[in-house]
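Residue numbers begin at 1 in each chain, while the letters A, B, ... track the order of the sequences. Just so you know, these numbers come straight off a predicted model, no measurement behind them. What you see below is based on every heavy atom in this structure, not just the backbone, and it leaves out hydrogens, waters and symmetry mates.
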2 protein chains.
Amino acid sequence: MSVKEQLSTNKPVKGTSKAGTQDDVVYAHIFDAILEQRLAPGTKLNEEALGEIFGVSRTVIRRALSRLGHEQIVILRPNRGAVVASPTIDEARQVFLARRIVEQAVTEQAVLHATKEQIEIIRGMVVEEQACFDRGDRGAGIRLSGEFHLQLAKMARNAPLLNFQRSLVSQTSLIIAQYETGGKSHCSFDEHNQLIAAIESGEQAKAVELMMHHLDHIEAKLNLDGEGASDDLHAVFSHLISR
Amino acid sequence: MSVKEQLSTNKPVKGTSKAGTQDDVVYAHIFDAILEQRLAPGTKLNEEALGEIFGVSRTVIRRALSRLGHEQIVILRPNRGAVVASPTIDEARQVFLARRIVEQAVTEQAVLHATKEQIEIIRGMVVEEQACFDRGDRGAGIRLSGEFHLQLAKMARNAPLLNFQRSLVSQTSLIIAQYETGGKSHCSFDEHNQLIAAIESGEQAKAVELMMHHLDHIEAKLNLDGEGASDDLHAVFSHLISR
DNA sequence: TCACGTTGTAATGTATGCAATTTTTTCAGT
DNA sequence: ACTGAAAAAATTGCATACATTACAACGTGA
């Protein structure tokens with residue numbers, strides 16, 4: 001099925017589901033492409049080029065980019081176009097701090113409000129996630145492990161938290177894609193399964209503890225110690241500056 | 001100074017500051033108009049009408065509305081236009097729950113990272129806020145008391161939290177405008193001043209406690225007990241339905 | 001050779017016109 | 001009158017053309 005055809009039929013793209021206007025489809029495609037690292041951080045997102053690729057006008061592309069910009073997964077520079085965000089180490093730390101705060105609340109609320117149907121759904125998602133890693137599809141795996149946390153936020157029944165979680169999860173995926181070391185499995189599905197169990201049985205404190213450790217493990221697998229290459233000249237040569 | 005002139009000069013609008021393209025100006029104007037209740041919840045935002053008012057094309061209006069939509073302060077209904085959001089009581093409760101979570105974290109971080117200059121700035125903001133209420137400018141007062149909490153988030157030095165806070169504060173202002181009872185002063189500047197003092201002296205636990213009480217007081221002044229009129233027929237006649 | 005201003009090109013910002021959809025109005029039938 | 005269908009009007013979605021801005025290449029003068 002060509003991209004153009006997908007635009008006419010209103011079927012959602014892979015994981016990301018949303019129906020309606022055309023920019024939803026474009027949004028979802030770019031979104032997935034970034035999360036699955038088919039678009040590297042820093043890549044310039046040319047409006048006309050994207051328009052030709054998706055067979056739509058710049059108007060539609062522009063709207064999609066605007067939305068991605070609001071989620072901080074692309075950066076919109078006035079008069080200079082959009083680029084895929086490339087979070088600095090400091091920004092990455094801020095995202096993880098924010099996530100700890102939100103995930104704690106989300107977990108507590110999810111324990112209170114989760115329905116049986118939602119537990120079923122999220123169980124299925126973990127299975128699918130594991131399948132992705134088994135077959136070596138790292139990109140889709142990262143995306144699905146993110147969607148696990150999104151589903152959790154849905155179970156918390158709090159729209160603002162869900163929206164914020166959406167933004168944080170996207171940014172986290174970007175960070176993982178950029179800073180993950182080794183290449184080992186990031187989100188161990190085992191931890192995801194334990195979390196589900198704790199939530200289902202209503203063990204709030206335990207669920208929160210599991211979640212915090214889970215986040216610790218994710219962050220521990222990253223290379224956030226500042227050893228990576230930098231494009232900030234001042235930072236690179238800071239040791240030479242006396243002041 | 002006419003609106004058109006303000007569009008050409010790049011001066012920011014009142015409190016909301018942001019420079020760059022035209023939709024920034026339009027965004028800020030509509031934003032302020034909503035927070036100051038010159039635009040009532042539920043008001044339809046006609047693109048062409050707004051375009052004539054601001055002397056710009058629908059393209060610009062559209063972009064501004066899109067951004068307001070992402071902050072959940074206007075609702076974008078595909079093919080049916082945008083309306084000023086009118087949060088339900090349940091949504092209002094969700095916003096307050098989210099705010100408690102974020103404000104706690106923000107306060108803790110602000111205690112850790114606040115600079116003297118920032119303390120000065122926020123002191124000035126409280127003075128200005130008080131002046132607004134003294135002179136009876138309720139709308140500007142609501143907006144400024146919101147900006148107090150935004151400034152706090154800036155002091156926390158965490159970009160994602162700041163963004164989220166921005167959205168939550170906007171929504172809170174809408175909720176206050178919609179549900180506040182009596183008409184007494186909502187955000188007592190006294191509480192704001194106490195908070196500043198606690199933050200300045202580094203008393204983290206006390207600052208958080210003050211903040212939580214502050215939020216309690218705000219919510220207490222609202223009429224969220226479901227006595228208000230509703231436009232949801234099912235909700236209105238739910239007591240008649242046996243099921 | 002380097003600094004710096006100039007010009008040309010490419011990309012973004014904005015306006016406008018047409019197509020598709022929704023909402024309102026009209027009007028026949030009961 | 002009231003209901004419901006059909007036509008008309010209004011409004012949004014999208015594409016395209018033009019204006020404006022940033023970037024790069026080039027050339028000039030020290």
Side-chain angles (χ1 to χ4, degrees), chain A residues 2-13 18-30 39 42-70 73-85 231 233, chain B residues 2-13 18-30 39 42-70 73-85 231 233:
Chain A
S2 80
V3 171
K4 186 102 190 192
E5 279 162 3
Q6 180 146 33
L7 286 176
S8 52
T9 71
N10 251 348
K11 272 204 260 163
V13 189
K18 226 167 207 183
T21 51
Q22 289 189 283
D23 54 59
D24 289 327
V25 182
V26 174
Y27 169 90
H29 266 109
I30 300 178
L39 276 171
T43 305
K44 175 94 188 281
L45 298 171
N46 185 297
E47 296 179 0
E48 195 169 340
L50 287 169
E52 276 197 24
I53 290 168
F54 289 107
V56 298
S57 79
R58 277 178 52 219
T59 309
V60 175
I61 302 294
R62 206 147 230 290
R63 233 185 121 86
L65 290 179
S66 174
R67 288 172 52 191
L68 290 162
H70 204 113
I73 135 170
V74 317
I75 304 300
L76 303 174
R77 306 164 305 175
N79 283 315
R80 304 194 46 221
V83 295
V84 178
D231 58 352
L233 291 178
Chain B
S2 82
V3 171
K4 186 100 189 192
E5 280 163 2
Q6 181 146 34
L7 287 175
S8 52
T9 72
N10 250 348
K11 272 202 260 163
V13 189
K18 227 169 206 182
T21 52
Q22 290 189 292
D23 54 60
D24 289 327
V25 181
V26 174
Y27 169 90
H29 267 110
I30 300 179
L39 278 172
T43 306
K44 175 95 188 283
L45 298 170
N46 184 295
E47 295 179 0
E48 194 169 339
L50 288 169
E52 276 197 25
I53 290 168
F54 289 106
V56 298
S57 79
R58 277 178 49 218
T59 310
V60 175
I61 302 294
R62 209 147 225 292
R63 226 184 131 85
L65 289 179
S66 173
R67 288 172 51 191
L68 289 162
H70 210 285
I73 138 169
V74 317
I75 305 300
L76 303 174
R77 306 165 304 176
N79 282 317
R80 304 193 49 219
V83 295
V84 178
D231 59 352
L233 291 179

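- Rounded to whole Å, atom C1' of D:dT12 lies 14 Å from atom CG of B:Leu45.
- Checked against C:dT12, C:dT14, D:dA15, the side chain of B:Asp23 finds its nearest nucleotide in C:dT14.
- Between A:Arg77 atom CZ and D:dT21 atom P there is a gap of 18 Å when expressed in whole angstrom units.
- Taking the side chain as every heavy atom from C-beta outward, B:Gln22 and B:Val26 never approach each other to under 4.5 Å.
- The side chain of B:Ser57 lies closest to C:dT14 when the candidates are C:dT14, C:dT21, D:dA15.
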Query - salt bridge (charged side-chain N to carboxylate O under 4.0 Å, His left out) evaluation trace for B:Asp24 with B:Arg63 - result: CA-CA 9 Å; B:Asp24 289 327; B:Arg63 226 184 131 85; over 6 Å; no
I'd like a table of donor-acceptor pairs (distance under 3.5 Å, sequence neighbours excluded) in which one partner is a side-chain atom from residues 77-85 of chain A, with atom names and distances.
| residue | atom | partner | partner atom | Å |
| --- | --- | --- | --- | --- |
| A:Arg77 | NE | A:Gly81 | O | 3.4 |
| A:Arg77 | NH2 | A:Arg80 | O | 2.8 |

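- The closest side-chain heavy-atom distance from B:Leu39 to B:Leu45 is below 4.5 Å.
- The nucleotide whose nearest atom lies closest to any side-chain atom of B:Asn79 is, among D:dC14, C:dT16, D:dT12, D:dT12.
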What's touching nucleotides 5-11 of chain C from the protein side, N or O pairs under 3.5 Å?
| residue | atom | partner | partner atom | Å |
| --- | --- | --- | --- | --- |
| C:dA11 | O5' | A:Asn46 | ND2 | 3.4 |

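- To the nearest angstrom, P of C:dT12 lies 11 Å from CD1 of A:Ile61.
- One can place CZ of A:Arg63 at 8 Å from P of D:dC14, the figure rounded to the nearest angstrom.
- Of the candidates C:dA15, D:dA17, D:dA15, D:dA17 carries the atom nearest the A:Arg58 side chain, counting heavy atoms from C-beta on.
- A distance of 13.5 Å separates NE2 of A:His29 from CG of A:Asp23, quoted to the nearest 0.5 Å.
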Expected list for residues 52-59 of chain B: side-chain donor-acceptor pairs under 3.5 angstrom, two or more places apart:
| residue | atom | partner | partner atom | Å |
| --- | --- | --- | --- | --- |
| B:Ser57 | OG | B:Thr59 | N | 3.3 |
| B:Ser57 | OG | B:Thr59 | OG1 | 3.4 |
| B:Arg58 | NE | B:Glu47 | OE1 | 3.0 |
| B:Arg58 | NH2 | B:Glu47 | OE1 | 3.2 |

